[in-house]
2 protein chains.
Amino acid sequence: MFRIARLPKKDRQTRLVQSLADNPFATDEDLAELFHVSIQTIRLDRLELGIPELRERIKSVAEKSLDPVKSLGIEEVIGEIIDLQLDSQAISVLEIKEEHVFSKTQIARGHYIFAQANSLAVAVINADVALTATARIRFVRPVRIGEKLVAKAVVRSRDGDECKVRVETKVQGELVFTATFRVVEMTVAQNRHE
Amino acid sequence: MFRIARLPKKDRQTRLVQSLADNPFATDEDLAELFHVSIQTIRLDRLELGIPELRERIKSVAEKSLDPVKSLGIEEVIGEIIDLQLDSQAISVLEIKEEHVFSKTQIARGHYIFAQANSLAVAVINADVALTATARIRFVRPVRIGEKLVAKAVVRSRDGDECKVRVETKVQGELVFTATFRVVEMTVAQNRHE
DNA sequence: TACTGTTTTGGTACCTGGTATTAAAAACAG
DNA sequence: CTGTTTTTAATACCAGGTACCAAAACAGTA
């Protein structure tokens, strides 16, 4: 009888963490088989690593998914705003991932690029409520999966409750998209009809 | 000693279903207390109603949330295409739901309206790959939650691999958004780099 | 009132996937 | 070869059940 090669403790534990990360549903028994060790060893490992038992793991996944915060399909603002000077300028970053591209070509769908620019244009306006009225946009070159879009919005002019906002989106300094938005502020009175 | 009012079986069971719908984490014991009956009664009820035990309920919630299908922010095409005549015209419908609006005002975010129009403009083009090059768009009036957007795209002109597509979006016949896209077809040769 | 059917309880044995603890065996290192 | 680390084993116990059986409690009615 020959025994199967076992990993050293350290290695096993790092693999265990990985393993549970992409399959939180594994029981200790499953893991024991996977690593060719006894159930007790797995339990010791979990103890040392502070990993909770199966049921707790599943529960926490379920709780997260039921959390109202997450369930908003898209975040409040598309892209992460990293600089914001109200009524002046703002910058946001968006990394193009699999869910943003055409599966056939791996090229980003235009409306995500637009969404980043549009939500930035709306966010930069110093008003309770701001809505896009018109826009002229240009896709300079296709954007591919993995590229990081940096959008910069600048408020160009202001006339009463209307602003012109210019947004330029670049990938590593290279211009890929431009847009000019006319954004209007709205009084909440709008809410009267209903 | 007076006993607390109990519901008839039928009522209890319908309430039980509701109760578990908005809190799948309740144990039989919790439910027994809630309805002032014994644990066994709850179990009989679950049996009759075909409701699985706590752990299975939690598990299924967790599985759903880990399902790769759900995690795609926006669907492949925004809105449901109900008519499509390639290179000529197309129509899609999108109902504005909670996830599409600003929570403060219940008004639809511009980029969803744009996304519906943009993906329709791209879909109507009879080509392997079509990308938006430029667009001029106008939001005629704000769109509110619950409204059904009907977008109609018409191919206006064609010049080699470039098309002009006009999209008008209406709610019950009332114009709320217009856009003119310049869409280009792409040869897959684009994929050469990388 | 006594009989009958439904509904509710109670109790027991058993299951899964653990925790907690103690102890022995094996592996490895100096 | 001894000391330490690592791995196994064994046992008692827990939550939240399933499956099953029998005793109550209640309601209607002949």
Side-chain angles (χ1 to χ4, degrees), chain A residues 1-68 70-71, chain B residues 1-68 70-71:
Chain A
M1 187 120 207
F2 73 112
R3 45 186 55 86
I4 303 116
R6 285 179 196 173
L7 300 159
K9 189 180 178 184
K10 254 298 166 59
D11 297 26
R12 184 186 356 109
Q13 294 195 341
T14 54
R15 274 161 173 276
L16 188 113
V17 173
Q18 282 185 303
S19 190
L20 283 178
D22 53 54
N23 173 214
F25 298 90
T27 64
D28 288 355
E29 201 177 355
D30 296 341
L31 296 165
E33 278 178 38
L34 183 62
F35 294 110
H36 307 291
V37 294
S38 72
I39 288 190
Q40 283 80 352
T41 302
I42 296 296
R43 294 192 173 153
L44 268 181
D45 284 350
R46 277 200 300 102
L47 203 70
E48 286 179 23
L49 297 168
I51 298 171
E53 62 169 292
L54 173 69
R55 289 141 179 167
E56 295 306 315
R57 294 192 307 261
I58 293 180
K59 204 171 161 187
S60 82
V61 171
E63 272 163 354
K64 262 176 224 152
S65 93
L66 251 61
D67 187 352
K70 75 81 220 170
S71 63
Chain B
M1 187 118 208
F2 75 112
R3 44 185 58 87
I4 303 116
R6 285 180 198 173
L7 299 159
K9 189 179 178 184
K10 253 305 167 55
D11 297 26
R12 183 186 357 108
Q13 293 195 342
T14 54
R15 275 160 173 275
L16 187 111
V17 173
Q18 283 186 302
S19 192
L20 283 178
D22 53 53
N23 173 214
F25 298 90
T27 64
D28 288 355
E29 201 177 355
D30 297 341
L31 296 165
E33 278 178 39
L34 184 63
F35 294 110
H36 306 291
V37 294
S38 71
I39 288 188
Q40 283 80 352
T41 303
I42 296 295
R43 293 192 175 153
L44 269 180
D45 285 350
R46 278 201 299 102
L47 203 71
E48 286 179 22
L49 298 168
I51 298 172
E53 63 169 291
L54 173 68
R55 290 143 180 165
E56 295 306 315
R57 292 191 310 259
I58 292 180
K59 202 169 161 188
S60 81
V61 172
E63 271 163 354
K64 262 176 222 154
S65 93
L66 250 61
D67 188 353
K70 72 84 215 171
S71 63

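Protein chains get the first letters and strands the later ones, always in sequence-line order, with residue 1 at the start of each.
We find that CG of B:Leu44 is positioned 14 Å from P of D:dG17, with the value rounded to whole Å. D:dG16 atom P lies 9 Å from atom CD1 of B:Ile58, rounded to whole Å. Between the P atom of D:dT6 and the NZ atom of A:Lys9 lies a distance of 4 Å, rounded to the nearest Å. Protein atom CD of A:Glu29 is 15 Å distant from nucleotide atom C1' of D:dT8, rounded to whole Å. What separates CG of B:Leu47 from P of D:dG16 is a distance of 20 Å, to the nearest Å. The interatomic distance linking B:Asp28 (CG) with C:dT8 (P) rounds to 15 Å, in whole Å. Rounded to whole Å, the distance from CZ on A:Arg12 to C1' on D:dT5 is 12 Å. Distance CD (A:Glu48) to P (D:dT5): 12 Å, rounded to an integer number of Å.
Minimum interatomic distance between A:Glu56 and A:Pro52 (heavy atoms only, all atoms of both residues): CB-CB, 3.8 Å. Taking both residues in full, the closest heavy atoms of A:Phe25 and A:Asp30 are given as O-OD2, 4.5 Å, listed atom of the first, atom of the second, then distance. Residues B:Ala32 and B:Ile39 come closest through the heavy atom pair CB-N, 3.8 Å.
The shortest side-chain heavy-atom distance between B:Leu54 and B:Asp28 does not fall under the 4.5 Å cut-off.
Set against D:dG16, C:dG17, C:dT9, the side chain of A:Thr27 has C:dG17 as its closest nucleotide.
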For nucleotides 13-16 of chain C, tabulate all protein N/O to nucleotide N/O atom pairs closer than 3.5 Å, reporting atom names and distance.
unit_1: C:dT16; atom_1: O2; unit_2: A:Arg55; atom_2: NH2; d: 2.8

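Nearest-nucleotide assignment on DNA chain C puts the 5′-proximal partner with B:Thr41, out of B:Thr41 and A:Ile51.
For D:dT18, the OP1/OP2 oxygens have a side-chain nitrogen or oxygen of B:Arg46 closer than 4.0 Å.
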Expected list for residues 13-24 of chain A: side-chain donor-acceptor pairs under 3.5 angstrom, two or more places apart:
unit_1: A:Gln13; atom_1: NE2; unit_2: A:Asp45; atom_2: OD1; d: 2.8
unit_1: A:Gln13; atom_1: NE2; unit_2: A:Glu48; atom_2: OE1; d: 3.0
unit_1: A:Thr14; atom_1: OG1; unit_2: A:Asp11; atom_2: O; d: 2.8

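Pairing for D:dA9 goes to C:dT22, judged as Watson-Crick or G-U wobble with the two contacts each under 3.5 Å.
At a non-hydrogen distance threshold of 4.0 Å, nothing from residues 15-25 of chain B comes into contact with DNA chain D.
Between the CZ atom in B:Arg57 and the CD1 atom in B:Ile51 there is a gap of 7.5 Å [rounded to 0.5 Å]. To the nearest 0.5 Å, the span separating CD on B:Glu33 from OG1 on B:Thr27 amounts to 8.0 Å.
As judged by a 4.0 angstrom heavy-atom cut-off over every strand, A:Ile39 is placed among residues making no nucleic acid contact. At the heavy-atom level, A:Gln40 lies under 4.0 Å from base atoms of the strands shown.
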